[in-house]
Protein chains: 2
Amino acid sequence: MPIAADILEALRLELRRGTLILAVLGTLRAEQYGYSLKTRLAEAGVDIDEGALYPMLRRLESQGLLVSEWREEGKRQKRFYRLSADGAGALEQLTAEWRAMNAALNSIIEGGRT
Amino acid sequence: MPIAADILEALRLELRRGTLILAVLGTLRAEQYGYSLKTRLAEAGVDIDEGALYPMLRRLESQGLLVSEWREEGKRQKRFYRLSADGAGALEQLTAEWRAMNAALNSIIEGGRT
DNA sequence: GTACATACTGTGTGGCGCACACTGTATGTG
DNA sequence: CACATACAGTGTGCGCCACACAGTATGTAC
């Protein structure tokens with residue numbers, strides 16, 4: 001048999017974990033409501049579960065990285081989120097972190113090649 | 001005050017999480033024992049705690065991605081680890097995943113720029 | 001008007017894996 | 001003999017995601 005699929009799947013999930021917040025923060029530079037956020041992320045190739053998304057939005061707002069507002073649009077009440085100033089700062093720092101980690105991983109992965 | 005340092009630190013840790021396994025698997029294409037692995041990773045810019053490293057090595061071995069062997073070197077018993085064939089396959093797939101996630105994140109982060 | 005899809009926002013639980021603190025032996029060195 | 005450091009662990013707590021579940025509102029086909 002090939003590598004057990006569930007093991008690989010678990011590793012994939014683990015690898016995805018931290019990137020979710022980065023993707024959410026990056027997308028919320030433009031205002032979005034939950035559902036449109038999920039849709040946009042999916043289009044970019046990032047599938048996020050509602051059970052992960054909504055609590056994450058709450059968390060980020062309680063940390064002051066996001067601000068939200070109930071508003072009517074298209075005959076519906078929706079909660080709109082966007083980055084706060086602190087959130088923009090956090091996004092910048094996390095992006096820098098991400099690039100640094102990328103460099104480290106690339107040096108490791110390319111480095112060992114025969 | 002700037003963005004609370006502990007919040008950012010937590011986000012950084014979260015972001016790092018998944019990359020640890022990838023860094024470990026990548027480094028173990030060449031045989032290493034725990035301590036030298038930790039040292040090598042640190043040189044590449046990846047600090048990993050022993051409390052994370054050793055259990056991870058166990059886990060990866062129990063999943064068949066690594067093989068290990070006790071051996072004496074420099075008058076000391078050390079446990080040497082290296083990638084198994086399955087591990088090499090997993091590394092390849094995870095690397096591909098990583099690149100895909102990178103592309104997705106880049107499109108998100110660059111994309112929104114004014 | 002009723003059945004169904006889908007837009008839209010949530011909650012609760014389980015489990016996995018990292019960080020942190022701690023333990024313990026062996027080797028080398030002043 | 002004291003101390004550093006190489007080396008390999010263990011145990012606990014906590015954070016966060018996946019998965020399953022819940023519930024309302026709008027549009028549409030019949």
Side-chain angles (χ1 to χ4, degrees), chain A residues 4-25 31-43 46-63 65-66 68-81 94 101, chain B residues 6-25 31-43 46-63 65-66 68-81 94 101:
Chain A
D6 46 342
I7 290 179
L8 253 174
E9 183 58 18
L11 294 176
R12 281 191 57 245
L13 290 178
E14 184 71 8
L15 192 56
R16 270 171 45 96
R17 274 192 72 154
T19 71
L20 292 179
I21 288 166
L22 195 48
V24 165
L25 291 179
E31 195 182 56
Q32 302 281 336
Y33 53 96
Y35 192 81
S36 70
L37 176 55
K38 178 173 160 63
T39 304
R40 286 216 165 201
L41 287 172
E43 283 166 4
V46 180
D47 279 306
I48 185 168
D49 192 275
E50 287 96 344
L53 179 60
Y54 289 109
M56 183 195 294
L57 291 171
R58 296 273 173 78
R59 201 165 61 245
L60 293 174
E61 183 173 14
S62 79
Q63 294 171 341
L65 306 182
L66 301 180
S68 77
E69 172 194 8
W70 277 99
R71 204 167 64 224
E72 186 170 332
E73 194 204 61
K75 305 209 168 189
R76 278 188 191 240
Q77 288 291 326
K78 302 171 184 176
R79 189 194 288 267
F80 289 84
Y81 299 87
L94 288 179
M101 284 170 29
Chain B
D6 47 341
I7 290 180
L8 254 173
E9 184 57 19
L11 294 176
R12 283 192 55 245
L13 290 179
E14 183 71 9
L15 192 55
R16 270 173 43 98
R17 278 193 70 154
T19 71
L20 292 178
I21 288 165
L22 194 48
V24 164
L25 290 179
E31 195 181 57
Q32 303 282 334
Y33 54 94
Y35 193 81
S36 70
L37 175 56
K38 179 173 160 61
T39 303
R40 286 218 164 198
L41 287 171
E43 283 166 4
V46 180
D47 279 306
I48 185 169
D49 191 276
E50 286 97 343
L53 180 60
Y54 290 109
M56 182 196 295
L57 291 170
R58 296 274 173 77
R59 199 166 61 246
L60 292 174
E61 182 172 18
S62 80
Q63 293 171 340
L65 305 183
L66 301 180
S68 77
E69 173 194 6
W70 278 100
R71 204 167 64 224
E72 185 168 334
E73 194 203 63
K75 306 210 166 187
R76 279 189 189 238
Q77 288 291 325
K78 303 172 183 177
R79 188 194 289 269
F80 289 83
Y81 299 88
L94 288 179
M101 286 171 28

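Numbers restart at 1 for each chain; the letters A, B, ... are given by sequence-line order, proteins then strands.
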| message | Of the options dG9(D), dA19(C), dT9(C), whose atoms approach the side-chain atoms of Glu50(A) most closely? | response | dT9(C)

| field | Per Arg76(A) side chain, nearest of listed nucleotides dT26(D), dC18(C), dC7(D) | value |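 The listed nucleotide nearest to Arg76(A)'s side chain is dT26(D).
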
Give a yes/no on whether any side-chain N or O of [X] is located under 4.0 angstrom from OP1 or OP2 of [N].
X	N	result
Tyr54(B)	dT10(D)	no
Lys75(A)	dT26(D)	no
Arg12(B)	dC18(C)	no
Arg58(A)	dT11(C)	yes
Tyr35(A)	dT9(C)	no
Arg16(B)	dC16(D)	no

| query | Do Glu9(B) and Leu13(B) pass the side-chain contact (heavy atoms from CB on, under 4.5 Å) test, and can you show the C-alpha distance, the side-chain angles, and the key distance before you say yes or no? | reply | CA-CA 6 Å; Glu9(B) 184 57 19; Leu13(B) 290 179; 4.1 Å; yes

How long is the line joining [atom1] of [X] and [atom2] of [N], in whole Å?
X	N	atom1	atom2	result
Leu8(A)	dC16(C)	CG	C1'	16 Å
Leu11(B)	dC16(D)	CG	P	8 Å
Glu61(B)	dA8(D)	CD	C1'	14 Å
Leu53(B)	dA21(C)	CG	P	18 Å
Leu15(A)	dC18(C)	CG	C1'	15 Å
Ile21(B)	dG17(C)	CD1	C1'	8 Å
Leu60(B)	dC16(C)	CG	C1'	13 Å
Ile7(B)	dC16(D)	CD1	P	10 Å

| request: State whether the distance check finds a donor on one side and an acceptor on the other, under 3.5 Å, for side chain Arg79(B) versus base dA8(D). | output: no

What are the two closest heavy atoms between [X] and [Y], and how far apart are they?
X	Y	result
Leu37(B)	Gln32(B)	N-OE1, 3.8 Å
Arg16(A)	Ile48(A)	NH2-CA, 4.4 Å
Ser68(A)	Glu61(A)	OG-OE2, 2.8 Å
Leu15(B)	Met101(A)	O-CE, 3.5 Å

| said: Go nucleotide by nucleotide along DNA chain C from the 5' end; which of Asp49(B) and Gln63(B) gets its closest nucleotide reached first? | reply: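 This one resolves to Gln63(B).
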
| query | With nearest nucleotides of DNA chain D determined for Leu13(A) and Arg17(B) from heavy-atom distances, which residue corresponds to the more 5′ nucleotide? | reply | Arg17(B)

| Closest-nucleotide 5' rank along DNA chain D - winner of Glu73(B) and Pro55(B) | Glu73(B)

| message | Would you say that more than 12 heavy atoms from the other residues, nucleotides or ligands in this model lie under 6.0 Å from the CZ of Arg79(A), or not? | response | yes

When we call it a touch if two heavy atoms are under 4.0 Å apart, what does [X] touch: a base, just sugar-phosphate, or nothing?
X	answer
Phe80(A)	nothing
Ile48(A)	nothing
Gly34(B)	sugar-phosphate
Gln77(A)	nothing

